[in-house]
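Notes for the one structure printed next.
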Amino acid sequence: MITERTTNPVMLEVLRNRFQAIAEEMASLVLRAGHTVFVKETSDFGAALVSTRGEVVCAPVNTGVALMVGVPCDVAIERAQDLGVEPGDVFISNDVWGTGGMATHLPDIYVWKPIFHEGQVICYAWAFVHSSDVGGIVPGSIAPSSNEIYQEGIRIPVSKLFRRGELNRELLNLIMANCRIPDQNWGDIKAMVSGLTRAEQRVEALVDRYGVETVRAGIVDVLDYAEEQAREEFAKVPDGTYVFWDYMEGDSGGGRAIRMKVRMVVDGGGVTLDFSDTDPQTRQSYNLPSHSRRGHWQFVFSLVGFLRSVRAGITYNSGLARPVALEIPRGSVLNPEPGVSVGNRSATQIRLVDVIMGALAQARPETIPAAGAGQGSIFLLRVPDPNTGQSKVSVIQPLCGGSGGRPTKDGIDGIDFSIGYLRNIPVESIEADMPVRIRRYRLREDSGGAGRFRGGVGLEIEMQVLAPEATVTSRAMDRYNFRPWGRLGGRPGARGYTLLNPGTPAERSIGKIDVLQLEYGDVIRIGTPGGGGYGDPLERDPADVAADVRRGVLSANSAAREYDVVLRSDATVDDAATQTRRAARRAARGPLRDFDFGPEREEYERVWSDTLVTGLVRALDPYPPKMRTLLRERICRAIDAETAAGRPVTVDDLARLLGGILESVGYTAKIPAPAG
């Protein structure tokens with residue numbers, strides 16, 4: 001709730017910018033002092049000032065990840081208070097359930113430090129890094145096939161890493177003994193602690209200059225100010241209910257498609273995201289532990305991006321997340337019960353962007369782009385170190401794809417809005433860090449969806465391993481089955497692919513990677529998806545089509561097939577032939593689609609219709625969450641079998657199928673009848 005501000009407008013603007021500068025300086029220090037490639041090159045880390053109530057007061061917009069708004073820190077702060085909070089303390093945790101939605105998988109290591117004035121905490125300096133390895137069943141800690149959190153690495157409950165400025169060496173030794181890259185992890189943690197110390201110095205200087213009460217009031221008011229701005233922009237979105245769903249393929253590790261369905265209610269400047277008809281928690285590691293927290297960072301990310309797009313210079317803090325309420329039943333893949341695997345939750349968060357933007361696109365079609373690649377896979381390699389007998393583990397590259405075509409511009413090549421804060425790693429750094437040769441790293445031809453504004457094209461990377469017994473993981477691969485959707489006549493983007501030893505007699509397509517063992521000389525080539533197109537492809541300027549062909553992101557065949565542009569041998573446009581072809585295409589085709597999901601999804605939904613999937617979710621709802629997972633797996637197999645036998649399944653068949661499965665697994669608990 002917004003209260004009357006006590007800070008005058010001039011001072012509010014001064015403090016807003018001073019807070020922001022502190023966050024940017026913290027992030028800059030972590031970037032430059034970090035040890036792992038994933039921090040110092042890819043920039044998967046964050047820094048912020050946090051209020052005593054656990055809200056992010058400011059976060060960098062130029063350095064690190066753009067996900068800080070909406071991170072709930074209150075539960076972690078309460079746990080820290082139970083341990084006693086004193087000057088010089090630094091707390092640490094990565095505990096998914098012990099921090100109430102702050103940490104959402106174990107590689108994210110958080111540290112925070114109370115900033116005192118005359119014995120009272122003013123705020124907290126706060127940071128996290130994504131560690132390249134925190135132990136667990138696979139190098140890099142995350143595999144889609146993990147089926148419980150105990151396989152995913154060390155869990156650090158809220159603890160004191162420093163007590164009154166003194167390092168807790170017993171705790172540090174315990175953490176470092178449970179990961180594959182202890183020296184690098186300690187280097188990243190020290191970089192974060194340095195950032196916290198710098199923030200403490202800057203806040204103390206701010207208090208000295210303006211007084212503690214002014215700073216305290218400024219923290220409250222700058223959060224309220226962001227909320228006020230967010231509500232003003234949400235109020236411009238037409239009130240109504242907007243429904244959309246999309247799929248995370250979920251087949252890495254032996255799973256199956258996972259549907260996320262949102263019912264977005266916009267009402268007078270507030271937004272409610274209702275995910276009641278989303279699939280249950282999964283056996284694989286796609287679960288996202290949101291705790292159904294209001295304005296949770298992994299749900300508001302896309303809406304915050306929308307706010308920043310329509311209102312340049314909007315105040316960037318957790319006030320932007322306050323208008324967004326979540327309704328997610330416990331036991332959902334978006335609000336799982338404790339103990340499940342969660343390492344691959346980034347794949348889920350990325351698909352959430354598409355789901356929420358698909359709903360918002362119905363309210364603001366002139367603003368929202370087509371779907372981006374929908375993948376932010378982290379391509380990671382482990383090799384044995386013959387000198388030490390230990391492992392070397394490093395990220396090779398974040399594998400992103402193109403963004404969706406926009407209402408006024410093409411999509412961005414090689415990077416998607418949903419993961420655009422991650423930086424690529426220079427080939428020289430990769431080859432200096434690990435025994436590999438990068439044989440190809442380029443934009444992928446013909447991968448962007450056709451449209452008046454085409455989708456951004458994906459990437460191709462080809463890596464040769466120069467070490468024996470190498471292990472590759474690449475979590476969060478997706479859009480290998482279902483394409484990124486196009487908008488308002490735009491066509492969907494291309495799907496991803498993975499080839500092992502391409503161009504040799506041993507070449508084979510291996511699809512998504514879970515855990516892959518390679519030998520010396522093996523080559524792997526990955527092509528990432530392209531973004532969907534926006535608008536009618538026949539309205540694209542033929543000169544732009546020709547320019548894409550000359551750049552190598554579009555073939556001449558695709559220019560003719562997708563855009564009906566005829567090119568001469570020198571890649572210039574034959575205007576007369578192009579006009580003739582386009583006129584014939586316009587006369588023959590049907591109406592343009594608001595959303596073009598591609599033939600693969602259309603074929604899938606001939607069996608797995610919205611009605612059937614919604615009915616199944618609701619039929620499973622009365623059962624305990626882990627039983628829902630088992631029952632969903634069994635009933636989906638039964639539906640597959642009946643469909644293959646030519647017996648289409650409807651909602652009316654679910655009770656019969658479910659009854660047989662319950663009997664087969666010996667489940668006898670009485671389930672209450674649905675209310676009403």
Side-chain angles (χ1 to χ4, degrees), residues 1-30 46-63 68-74 76-78 80-81 83-91 111-127 162-165 192-231 313-322:
M1 177 67 70
I2 302 172
T3 58
E4 185 176 348
R5 289 197 292 270
T6 59
T7 308
N8 71 65
V10 173
M11 181 54 67
L12 184 66
E13 192 66 19
V14 168
L15 291 175
R16 180 171 82 103
N17 283 280
R18 291 295 296 268
F19 293 151
Q20 190 68 38
I22 292 170
E24 298 286 357
E25 186 176 5
M26 289 174 66
S28 179
L29 199 157
V30 175
L49 291 181
V50 172
S51 74
T52 55
R53 294 179 57 183
E55 293 184 285
V56 172
V57 176
C58 57
V61 295
N62 298 315
T63 308
M68 299 299 93
V69 167
V71 174
C73 304
D74 54 337
I77 288 173
E78 290 172 6
Q81 289 171 341
L83 301 176
V85 179
E86 298 178 272
D89 287 350
V90 174
F91 296 88
V111 296
W112 63 101
K113 182 176 189 177
I115 300 176
F116 282 84
H117 179 78
E118 296 182 351
Q120 298 296 316
V121 178
I122 306 169
C123 62
Y124 292 84
W126 176 97
F162 286 83
R163 294 191 184 98
R164 297 185 296 278
M192 287 194 290
V193 173
S194 297
L196 304 186
T197 302
R198 181 62 57 84
E200 181 181 38
Q201 294 167 353
R202 297 302 189 217
V203 172
E204 289 172 349
L206 206 59
V207 169
D208 289 342
R209 179 163 183 176
Y210 297 110
V212 67
E213 295 307 321
T214 297
V215 173
R216 285 185 187 279
I219 289 171
V220 173
D221 289 344
V222 78
L223 286 161
D224 287 348
Y225 185 38
E227 179 184 359
E228 181 181 294
Q229 293 175 314
R231 291 189 181 278
I314 195 168
T315 304
Y316 185 66
N317 62 43
S318 284
L320 298 181
R322 288 177 177 176

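Values below: every heavy atom of this structure, side chains too, minus hydrogens, waters and symmetry copies.
No donor-acceptor pair closer than 3.5 Å links the side chain of Ser28 to the backbone N or O of Glu24. Between the side chain of Glu86 and the main chain of Arg163, no donor-acceptor pair closer than 3.5 Å is present. At distances below 3.5 Å, not a single donor-acceptor pair connects side-chain atoms of Glu227 with backbone N or O atoms of Ala321. Checked by atom type and distance alone, the side chain of Asn317 never pairs as donor or acceptor with a backbone atom of Ala226 at under 3.5 Å.
No side-chain heavy atom of Trp112 sits less than 4.5 Å from a side-chain heavy atom of Val50. You'll find the side chain of Trp126 reaches within 4.5 Å of the side chain of Val71, heavy atoms only. Counting heavy atoms from C-beta on, the side chains of Val85 and Phe91 come closer than 4.5 Å. Inter-residue side-chain proximity for Val56 and Tyr316 is flagged as unmet; no heavy-atom pair is nearer than 4.5 Å. Within the 4.5 Å cutoff, the side chain of Ile22 has no heavy atoms near those of the Arg198 side chain. Between Tyr124 and Ile115 the shortest side-chain heavy-atom distance does not fall below 4.5 Å. Contact annotation: the side chain of Asp224 never approaches that of Glu228 to less than 4.5 Å [non-hydrogen atoms, C-beta and beyond]. Two residues are said to be in side-chain contact when any heavy atoms from C-beta on lie closer than 4.5 Å; Glu118 and Val212 fail this criterion.
Closest approach of Ala125 and Leu49 over heavy atoms only: CA-CD2, 4.2 Å. Here the shortest heavy-atom pairing between Arg216 and Val121 reads NH1-O, 3.4 Å. When all heavy atoms of Ala230 and Ile314 are compared, the pair lying nearest together is N-CD1, 4.4 Å. Closest approach of Ala47 and Pro60 over heavy atoms only: O-CD, 2.9 Å.
For Arg209, there are no salt bridge (Lys or Arg N to Asp or Glu O under 4.0 Å) partners at least two apart in sequence or on another chain. In terms of the side-chain hydrogen bond (donor to acceptor under 3.5 Å, both in side chains) criterion, residue partners of Asn17 (sequence neighbours excluded) are, by chain and number, Glu13. For Thr6, the side-chain hydrogen bond (donor to acceptor under 3.5 Å, both in side chains) partners at least two apart in sequence or on another chain are Asp221. Residues forming a salt bridge (Lys or Arg N to Asp or Glu O under 4.0 Å) with Arg202 (at least two apart in sequence, or on another chain): Glu25. Glu78 pairs by the side-chain hydrogen bond (donor to acceptor under 3.5 Å, both in side chains) definition with nothing, not counting sequence neighbours.
Separating the OG1 atom in Thr63 from the CE atom in Met26 is a distance of 12.0 Å, to the nearest 0.5 Å. From Leu15, atom CG reaches atom CG of Leu206 across 6.0 Å, with rounding to the nearest 0.5 Å.
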- prompt: For Tyr210 and Met11, what are the C-alpha separation, side-chain angles and deciding distance, and is it a side-chain contact (heavy atoms from CB on, under 4.5 Å)?
  reply: CA-CA 10 Å; Tyr210 297 110; Met11 181 54 67; 3.7 Å; yes
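Residue pairs meeting the side chain to side chain donor-acceptor pair (under 3.5 Å) criterion with at least one partner in residues 49-60, sequence neighbours excluded, are Glu55-Arg322.
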